[in-house]
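Contents: one structure, followed by commentary.
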Amino acid sequence: MSRAVDIFVATVVGLGLWQGAVWLLAPPPFILPPPLKVFETLVSSRVLLAENAWVTVLEVLIGLALGVVLGSATAIGLAMSDWARKVTMPMLVFSQAIPVFAIAPLLTLWFGYGLGSKIVMTLLIIYFPVTSSFYDGLSRTDRGALDLARSMNATPWRTLWHLRVPLALPSLSSGLRMAAVYAPIGAVIGEWVGASRGLGYLMLLANGRAKTDLMFASLLVLAVFTILLHAAVNRLADRIDRYATGA
Amino acid sequence: MTAPPAISFDGSLRLGEAQVFFGVSFTLPAGAWSCVLGASGVGKSSVLRLIAGLLPEGRFDGRITTSDGAPLDGRVALMAQSDLLMPWLDVRQNVTLGARLRGTPVDVTRRDRLIDRVGLTAHAHKKPGALSGGMRQRVALARTLMEDTPVVLLDEPFSALDARTRNEMQDLAAQLLRGRTVLLVTHDPAEAARLGEHILVMEASGATAVAPAPGQGPHPVDAPATIAVQMQLFDRLRGIPA
């Protein structure tokens, strides 16, 4: 309950500062629109905002799911095969030297203006954090646990599934938390580079037409979605942690 | 369980440039408790790992043989200082971890009987986080017994427990592991004196046998013979010759 009060107070103070700046500096509305104007736009353009938000939400969720699945699979592959580690590791390190932003135009060229290129962008931006944190956990399995498994004549894959993966779940969940922070960034960058729909596209459009109030409204919608996504992923990550620690 | 073999160990271990131990040679008699006592870093855990078929770091020159000539592979169960219980599994699932890791069916009757013998029937549904240190080691003991191997290797499994719990665990382990070839590695002279039916003091230069208290272990803590052995072992650890 006190958390809800905190959030309410923070919102009121934030809106107050915003409105205060508008009164004090009296900037033209296309530089800094007053909060009420943004709220009006939020209501009047709700259909437009919802349509574009839906596209961004889809890109983020699909990209996030694919990135987590692919990242986890890569981590398991790296943990299980020396060969995969030798071949893939340099490739992964090299790929991380390229800023994902820099290849966004290429992705648009390859995957088009639609959902595809944004999903790939989101996937790429979270793939490495997920892979590296999960692999880190998998490669640091307690030696005692591995000794125990070997003395029990365990097979490598059963050891992986019944010991190493559960023991590494907290590492995977910290990768998940990071992924939730990065995923919306990936989708919005993808939309900036080339899109016909989505909140990032709407922001650029509004900006170009000096409809700063619409841009602010889009930003607010994106922020609310990002906060909800963080909250949901954190809950999931907490559940994973509780399972792994037996709490 | 098949008949327990005697195990002979003879060899040296190098770790890089350093000689961990040289020419350590001893025999663990079949079906009895042997204790290897030594200071930290003398390589006693490496001896245990070698017998368990787990390669320690470093290079081992020597041989480990059994009285029945059969390899030890698959006939050894391991219990360490850390209970190594998996936090997401309950007591029953932890006890049957071996079956889970091999993909073999679980003998439920045997599992429940062992949980009962370590006195944890009332806690069988709990996860390790809800158990005390002593209870957790009892689960680890039940898991070791569940493997039903003729050879059991114990690497200071009781050293993290408080004095009273340690004493109870020693009694329980001695009782439940009777008839198997047991190797207990410890740095505690009192533990070696109490449980050893065969005692070796290990130094970098080799392992020397010390006569244990007479009869089958566990030897009573307060028996003069046990205390005498304990004193003698303590002197050996301090470098005072017998």
Side-chain angles (χ1 to χ4, degrees), chain A residues 68 72 75-77 79-82 85 133-177 233-247, chain B residues 45-46 48-57 71-91 93-104 125-131 136 139-140 143-144 146-149 151-157 160 183:
Chain A
V68 168
S72 306
I76 286 174
M80 289 305 278
S81 156
D82 286 336
R85 202 156 45 238
S133 52
F134 192 30
Y135 172 64
D136 194 44
L138 286 173
S139 60
R140 282 189 297 153
T141 314
D142 178 58
R143 192 179 77 164
L146 291 178
D147 284 352
L148 185 70
R150 280 200 37 198
S151 77
M152 288 170 160
N153 282 328
T155 64
W157 282 101
R158 287 192 161 267
T159 306
L160 175 80
W161 184 246
H162 290 290
L163 292 186
R164 296 179 70 187
V165 166
L167 286 170
L169 279 179
S171 304
L172 176 64
S173 76
S174 66
L176 265 180
R177 287 178 219 265
V233 169
N234 277 332
R235 273 188 78 144
L236 176 69
D238 286 345
R239 279 186 83 127
I240 293 175
D241 288 348
R242 276 204 305 277
Y243 170 80
T245 55
Chain B
S45 287
S46 297
L48 181 138
R49 287 172 60 79
L50 283 162
I51 296 175
L54 306 163
L55 292 173
E57 287 162 39
L72 280 170
D73 209 32
R75 293 200 289 168
V76 174
L78 209 59
M79 185 173 167
Q81 180 179 346
S82 157
D83 53 59
L84 295 173
L85 300 184
M86 300 305 141
W88 60 91
L89 300 176
D90 66 16
V91 169
Q93 292 166 321
N94 264 297
V95 169
T96 54
L97 182 72
R100 198 172 275 263
L101 288 176
R102 285 184 297 270
T104 51
H125 61 282
K126 289 186 186 165
K127 295 202 172 142
L131 304 175
R136 293 167 61 106
V139 180
R143 181 187 62 205
T144 311
M146 192 71 200
E147 293 299 294
D148 200 23
T149 53
V151 179
V152 176
L153 306 176
L154 309 172
D155 192 358
E156 308 199 13
L183 168 62

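Numbered from 1 within each chain, the chains take letters A, B, ... in sequence-line order.
- Contact count against chain B (heavy-atom pairs under 4.5 Å) is highest for A:Leu148 among A:Leu146, A:Leu169, A:Leu148.
- Counting heavy-atom pairs closer than 4.5 Å to chain A, the top residue among B:Leu54, B:Leu78, B:Thr104 is B:Leu54.
- Looking at A:Leu167, the atoms closer than 4.5 Å to chain B (heavy atoms on both sides) sit in the backbone and in the side chain alike.
- Only the side chain of B:Arg49 comes within contact range of chain A, judged by heavy atoms closer than 4.5 Å.
- At a heavy-atom separation below 4.5 angstrom, chain B is approached by A:Ser151, A:Met152, A:Asn153, A:Ala154, A:Thr155, A:Arg158, A:Thr159, A:His162, A:Leu163 within residues 151-164 of chain A.
- Of the residues considered (B:Lys127, B:Met86, B:Arg143, B:Met79), B:Arg143 shows the highest number of contacts with chain A, using heavy-atom pairs under 4.5 Å.
- For residues 240-247 of chain A, the interface with chain B (any heavy-atom pair closer than 4.5 Å) comprises A:Tyr243, A:Ala244, A:Thr245, A:Gly246, sorted by residue number.
- In terms of heavy-atom pairs under 4.5 angstrom with chain A, the leader among B:Leu153, B:Val76, B:Leu97 is B:Leu97.
- Here the side chain of A:Arg150 pairs a donor or acceptor atom with the backbone of B:Gly53 at under 3.5 angstrom.
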